[in-house]
Amino acid sequence: MEQFKGQPRLPKFAIPKRYDIRLKPDLSACKFAGFVSVELDIVADTRFIVLNAAELSINLGSVSFSSDNSPKVFEALKLELVEEDEILVLDFAETLPLGLGVLAIGFEGVLNDKMKGFYRSKYELHGEKKNMAVTQFEPADARRCFPCWDEPACKATFKITLDVPSELLALSNMPVIEEKVNGPLKTVSYQESPIMSTYLVAIVVGLFDYVEDYTSDGIKVRVYCQVGKANQGKFALSVAVRTLDLYKDYFAVPYSLPKLDMVAIPDFAAGAMENYGLVTYRETTLLYDEQHSAATNKQRVATVVAHELAHQWFGNLVTMEWWTHLWLNEGFATWVSYLATDSLFPEWKIWTQFLDESTDSLRLDGLAESHPIEVEINHAAEIDEIFDAISYKKGASVIRMLQSYLGAECFQRSLASYIKKHACSNAKTEELWAALEEGSGEPVNKLMNTWTKQKGYPVVSVRVKDQKLEFEQSQFFSSGSHGDGQWIVPITFCCGSYDKKKSFLLQTKSKTHDIKEFLSDSNKSSIAHSWIKLNVDQTGFYRVKYDEDLAARLHYAIENKYLTATDRFGILDDSFALCMACQLPLTSLLTLMGAYREELEYTVLSNLISITYKVGRIAADARPELMDDINLFFVNLFQYTAEKLGWDAKQGESHLDAMLRGEILTALAMLGHEETLAEASRRFHAFLNDRNTPILPPDIRKAAYVAVMQKVNSSNRAGLESLLRVYRETDLSQEKTRILGSLASCPDQGIVLEVLNFALSSEVRSQDAVFGLAVSKEGREVAWTWLKDNWDLIVKTYGSGFLITCFVSAIVSPFASFEKAKEVEEFFASRAKASIARTLKQSLERVRINANWIQSIEKEKNLGEAVQELAYRKH
Ligand code: BES
Ligand code: ZN
């Protein structure tokens, strides 16, 4: 049996075709019993059958194999459950006949509390505590529910039967065909599924209410919510119905199952999961409450639903061949969710907001410890960590780059043919490129390999010389060093206006480009002061470094509102990245930020705000004596927009203004702006007396909560107590996370510690604790001590999932000294864990980048005067 151990993938001598699975969960004892018969094709001589299983007890006597080509039943003589490899090796002692046969296995398992495999989630109904039984199989946990070939390429059909308490609702991927009640238990059987991967199988057993509707093709769509809360499912339902119709047109293939159910699960590790026909969600990503959800919650629900439904085609119908191609699933679903959301809600300008996704991935991918989009996977334990910003956000960004290069129409046509070709089957990255290459005639494979097979991305430096533009690419690192990666970069640029856009592929290290053509006879000389913007609309996955002269022209163009929001975003974001990499003085960054004083666009301003948070933290370490002026500058920077928006929603105002108001007031609260704090406190008190008060609508609650926490300390705890009361009294998950996300912004260290302990208490579901980790700069050290003190407990609760990485990155990354990096490294040296290895390295790299940045800011000579000038500038 040794030959089967330590292998990344299962041997290929038996191929599963059809699973017949029967499960009997016991919700009070939290265990389950099961029986599976798998139709197999034995394709090579073997006396072994090797499949996946984990945390199951299997009785040797229950294992048998009967072949179509032999009258006798083969009994397994030996079985071994190999824990490290999560495999079950069955030894039948004689060679099994080739061809079809059925493998039968009886087993038992535990409904665990780890939010994976077949698990237990808790809820309350009329004050009574209840359990529900739920599955979460991606990436590799179906094996915790039934023995199976748990790899995405091992597709088969599934016929499921459940024995459950009669009063409960039992859902699976397919519609029910029969329900037989037998006293306290009932047997529910479901239609056989089409061919699909194991990670998409799902079961939910509990009590729910639902709302339902039909697509234009008559597919029944339901949203299941907590009992009594069906109204909260209406928004997601309408998004789902419209999105299914839209994808059917976009992919030119109809939705392939007879029904779609979507369920909110109280305990849920990911944001949502695209199980075929039975999509599961956290409550926050599915439920929308007219009274108490904010615009940002609404948007989240829409994009998550659009993302999961995209997987019904991209992922479920056509599945990645192996986890190396996970990005195909996730990057693509992310990209398409924007397409769908944009079509449903054009007023949200969701493609402008997409820049947040690109930026997140540019930040992660600027680290030496990043990884390529296509990443080698040798063990199931390595899969969790690649559900990261590279697979999702860089994946989506390079797809956007390619779509914009090939054109929307050609892109869609080629995609539809890719879906058609690989439907009910699997595909690799190069097969997507092949379809696009065929549809476009462009060298897609060659172009895209430079983006998916190597990590990182280029910074393109540009300068004007003799009416020519000189471009040069080099690999960008946030640390300021340069790598030797090279890419095929689709360059675009505009000169003085958006009327003419120039584009070419930069295939070498450098290139010059004539710009005479931009000059009409009359303005030949005006090139000298016309703006030039590269990466028009920010569709390319690269950063741009302008020479001083070009940067000054762009600054002028921003102030005079010549540029689009996406381009304003890009210039700011690239400048921030270059500043952090010590390639642009902080003085220059702050001066540029001053050009955004009259910015009103949500996405641009929201990035400006997050930059002020980061710069504020670094400057507080590097130049504490300048902080008063820096904070004053930031407050002034937001004044114009804050006054325009006010505290109260305008009649019929836009979704984006509602979101922006929340962010701007939160920022002013974080900066300790007294007027904001006072007004917030007034409104918060009205809210405490009446949770429906019109003066504290959901869009500004987070700002009020943060403001309240700024004044809390050990001798003034009232604000904290009130917030905890609201937390305990609400049954809306979005309200709870809004509060959790505000508490640790308190500047008082003792309070931060208390908040962190609260996050780990039984009052916070373990999936939500991470929201409590948004710690103020004053609380940084306390949080680290707390992490060390609680590490064993955290490992115990989170050690087997991806949430544990959030603890490391949230608490370690804000540090900014080499000594601290060393201390963190030493602490974890004896606590190494494969599941946090990459995150830890990335977080440490960030600490060292911060430390470098501080050193460079300490040396900046004229920073003090510049800050003063910016802070006291009159407008
Ligand atoms: N397939 C994922 C769910 C998942 C994530 C399973 C991680 C296993 C590990 C799902 O489609 C997804 O991407 N969910 C996102 C939400 C999405 C809108 C970005 C998530 O969970 O964050
Ligand atoms: Zn996804």
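Indexing begins at 1, ligand by ligand and atom by atom, following the structure's order.
Stacking of Arg282 on the aromatic ring of Phe771 is not recorded, the 6.0 Å distance cut-off and the 45° axial limit not both being met. In this structure, Lys234 fails the cation-pi test against Tyr288, since its NZ or CZ atom is not both closer than 6.0 Å to the six-membered ring centre and inside 45 degrees of the ring normal. Geometric assessment of Arg222 against the ring of Tyr210 yields a positive cation-pi assignment under the 6.0 Å and 45° thresholds.
Among protein heavy atoms, the minimum distance from atom 7 (C) of ligand 1 is reached at Phe387 CD2, 3.3 Å. From the protein, the heavy atom lying nearest to atom 8 (C) of ligand 1 is Glu138 O, 3.4 Å.
Counting the atoms of ligand 1 from 1 in the order shown, those under 4.0 Å from a heavy atom of His311 are 11 (O). Those atoms of ligand 1 that come under 4.0 Å of a heavy atom in Phe802, given as number and element, are 7 (C), 9 (C). Listed by atom number, the atoms of ligand 1 under 4.0 Å from Glu274 heavy atoms are 1 (N), 2 (C), 10 (C), 11 (O).
When only interatomic distances are considered, the shortest N/O to N/O separation between Tyr392 and ligand 1 falls below 3.5 Å. Every N/O-N/O distance between Thr303 and ligand 1 stays at or above 3.5 Å. Considering backbone and side-chain atoms alike, Gly271 places an N or O below 3.5 Å from some N or O of ligand 1.
Taken from OH in Tyr123 to CD1 in Ile265, the straight-line distance is 10.0 Å, to the nearest 0.5 Å.
When non-hydrogen atoms are compared, ligand 1 lies under 4.0 Å from the side chain of His307 (C-beta onward) but not from its backbone. Of the heavy atoms in Ala272, only backbone atoms (N, CA, C, O) come closer than 4.0 Å to ligand 1.
Here the two rings, on Phe268 and Tyr281, have centers that are 6.0 Å apart or farther. For Tyr199 and Trp323, the ring centers are positioned less than 6.0 Å apart. A distance below 6.0 Å separates the ring centres of Trp335 and Phe411. The six-membered or imidazole ring of Phe118 lies near that of Phe32, with a centre-to-centre distance under 6.0 Å.
Heavy atoms of Ala333 stay at 4.0 angstrom or farther from ligand 1.
Minimum-distance N/O/S atom of His307 relative to the Zn ion (ligand 2): NE2. For Glu330, the N, O or S atom with the smallest separation from the Zn ion (ligand 2) is OE1.
Judged purely by distance below 3.5 Å, without hydrogens or angles, the side chains of His422 and Glu431 never pair a donor atom with an acceptor atom.
Compare Lys393, Glu308, Met273 by their heavy atoms: the one nearest to atom 14 (N) of ligand 1 is in Glu308.
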